[in-house]
Amino acid sequence: MTTLTEADAIDGLRDALGLLKDREQVAERLLASSAKHSFDPDKELDWAAPFEDGKWFWPPELVSLYGTPLWKRMGEEQRILLSQHEAAALASLGIWFELILMQLLVRHIYDKAATSAHVRYALTEIEDECRHSKMFARLISRGDTPWYPVSRVHQNLGRLFKTVSTTPGSFTATLLGEEVLDWMQRLTFPDERVQPLVRGVTRIHVVEEARHVRYAREELRRQMVTAPRWSQEFTRVTSGEFARIFSIAFVNPEVYTNVGLDRAEAVAQVRASGHRREVMQSGSKKLTDFLDDIGVLRGVGRRLWKASGLLA
């Protein structure tokens, strides 16, 4: 990890990755991109088309039980059904996460100049997230699968987090929620084994989330240079705890029950799966490398990230 002295960080807003970009210029570019590359899922996607027999709802390699002894005992039809329920569970998780993100963005811009490009882009991102949440909800309904809410404990922890989170903590959590799913969706939308509707949903999400990731990364870099030391330390701890919660909530264990599997056996095999651990760490690596470079993965926070299984 590259280190940076306090003097270097304060002088010219520089971090270990170099000079920070102008906040307004970044926002203006993102606004221009939003004007050119935004989608209305209700019009862009064919919601009436029937699902195609034999096609997956999530790439099999990304299904939680892939490669486990239980997976090897399952027939193809049950495996595809599990992929459908896991896609619904991830869409449900996405809605929960995006509702938190929208509130964090509103908190971030609450006392900033409403005429700034930085604020206008945040409002544009909130528009995107509203469309994404509606799109995910429609995908769940279209598939005749249940909505999979996170546990009551995680709902309450989310409510606490969005209330007490620091600004850098908010953007760290934003990146965690966006980048792992983005990695998976980049593998999903070009995969011809996957249902066309799911591919369409993931394509829209990948294109629009790329702007959200850029906005969050640039702002987090700025915050980790300018925030008070206590805020930086608090961010390290809360981001590690959020990583732990995220890894637990990533797949709702009810999916196993709903496809006729023994829940306890399935959960145990997922936890023991080297393939699953590799998938989650691969999906997180780009993010954890970035967080390491800008000083988030230190101390207790780093240990929590390791305990989550997302950091090798």
Side-chain angles (χ1 to χ4, degrees), residues 1-24 26-27 30 97-113 116 118-119 121-122 125-126 129 157-180 182 209 211-247 284 286-306 308 310-311:
M1 180 184 70
T2 308
T3 58
L4 179 73
T5 67
E6 274 190 35
D8 287 337
I10 293 170
D11 182 23
L13 290 182
R14 175 186 293 273
D15 66 3
L17 299 178
L19 285 170
L20 302 188
K21 296 178 176 62
D22 180 81
R23 184 188 255 173
E24 286 294 278
V26 168
L30 293 174
F97 176 75
E98 288 180 342
L99 290 173
I100 294 174
L101 169 59
M102 286 187 274
Q103 293 177 73
L104 293 175
L105 281 172
V106 169
R107 280 183 54 201
H108 172 60
I109 65 174
Y110 176 74
D111 57 358
K112 292 177 174 55
S116 69
H118 185 74
V119 168
Y121 178 74
E125 183 169 327
I126 291 168
E129 299 296 16
L157 286 171
R159 183 174 286 113
L160 175 65
F161 175 79
K162 66 184 177 61
T163 302
V164 304
S165 174
T166 60
T167 300
S170 298
F171 282 103
T172 304
T174 295
L175 289 169
L176 173 60
E178 289 178 339
E179 294 210 27
V180 178
D182 180 75
E209 286 294 312
R211 298 191 293 265
H212 304 177
V213 169
R214 173 71 185 283
Y215 184 78
R217 279 186 172 231
E218 294 295 341
E219 189 59 26
L220 181 56
R221 288 180 64 195
R222 179 177 300 275
Q223 292 294 328
M224 288 303 292
V225 168
T226 61
R229 181 167 295 179
W230 70 264
S231 178
Q232 295 179 28
E233 291 297 337
F234 189 62
T235 295
R236 293 179 180 114
V237 175
T238 56
S239 72
E241 177 62 11
F242 195 80
R244 187 190 67 82
I245 293 169
F246 181 83
S247 65
S284 307
K286 190 175 178 182
L287 171 62
T288 54
D289 285 350
F290 169 72
L291 296 179
D292 205 7
D293 280 339
I294 65 171
V296 174
L297 300 186
R298 296 179 184 173
V300 175
R302 187 180 188 87
R303 291 195 290 274
L304 286 168
W305 273 87
K306 279 189 169 291
S308 75
L310 300 177
L311 178 64

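Along the sequence shown, the residues carry numbers beginning at 1. Computation of the quantities below employed the complete heavy-atom set of this structure, encompassing side-chain atoms and omitting hydrogens, waters and symmetry-equivalent molecules.
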Verify, without hydrogens or angle tests, whether [X] (side chain) and [Y] (backbone) share a donor-acceptor contact under 3.5 angstrom.
X: R302; Y: D292; answer: no
X: R107; Y: S165; answer: yes
X: Q103; Y: L99; answer: yes

Quick one: does [X]'s side chain get under 4.5 Å of [Y]'s, heavy atoms only?
X: F290; Y: I294; answer: yes
X: T235; Y: F171; answer: no
X: W305; Y: L176; answer: yes
X: E233; Y: R298; answer: no

TODO: Kindly write out the residues that satisfy ring-ring contact (aromatic ring centres under 6.0 Å, His included) with F234, not counting sequence neighbours, or none if the list is empty.
DONE: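 F234 satisfies ring-ring contact (aromatic ring centres under 6.0 Å, His included) with no other residue.
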
Open item on the list: Going by the rule ring-ring contact (aromatic ring centres under 6.0 Å, His included), which residues pair with Y215 if we only count those two or more places apart in sequence or in a different chain?
Closed with: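 For Y215, the residues satisfying ring-ring contact (aromatic ring centres under 6.0 Å, His included) (neighbours in sequence not counted) are H118, Y121.
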
To the nearest 0.5 Å, what is the distance between [atom1] on [X] and [atom2] on [Y]?
X: L160; Y: E241; atom1: CG; atom2: CD; value: 10.0 Å
X: S170; Y: L175; atom1: OG; atom2: CG; value: 11.0 Å
X: F161; Y: I245; atom1: CZ; atom2: CD1; value: 9.0 Å
X: I109; Y: L104; atom1: CD1; atom2: CG; value: 12.0 Å
X: E125; Y: H108; atom1: CD; atom2: NE2; value: 10.0 Å
X: R236; Y: S231; atom1: CZ; atom2: OG; value: 9.5 Å

Can you name the side chain to side chain donor-acceptor pair (under 3.5 Å) partners of [X], sequence neighbours left out?
X: R214; answer: E218
X: T167; answer: none
X: T174; answer: none

Where [X] and [Y] come nearest, the two heavy atoms and their spacing:
X: M224; Y: P168; answer: SD-CB, 4.0 Å
X: K21; Y: V26; answer: CB-CG2, 3.7 Å
X: G169; Y: T166; answer: N-OG1, 3.0 Å
X: K112; Y: V119; answer: CB-CG2, 3.7 Å
X: L105; Y: A122; answer: CD1-O, 4.2 Å
X: L20; Y: R222; answer: CD1-CA, 3.4 Å

Task: Inter- and intrachain pairs under salt bridge (Lys or Arg N to Asp or Glu O under 4.0 Å), touching residues 158-180, at least two apart - done: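 Salt bridge (Lys or Arg N to Asp or Glu O under 4.0 Å) check on residues 158-180 returns E179-R217.
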
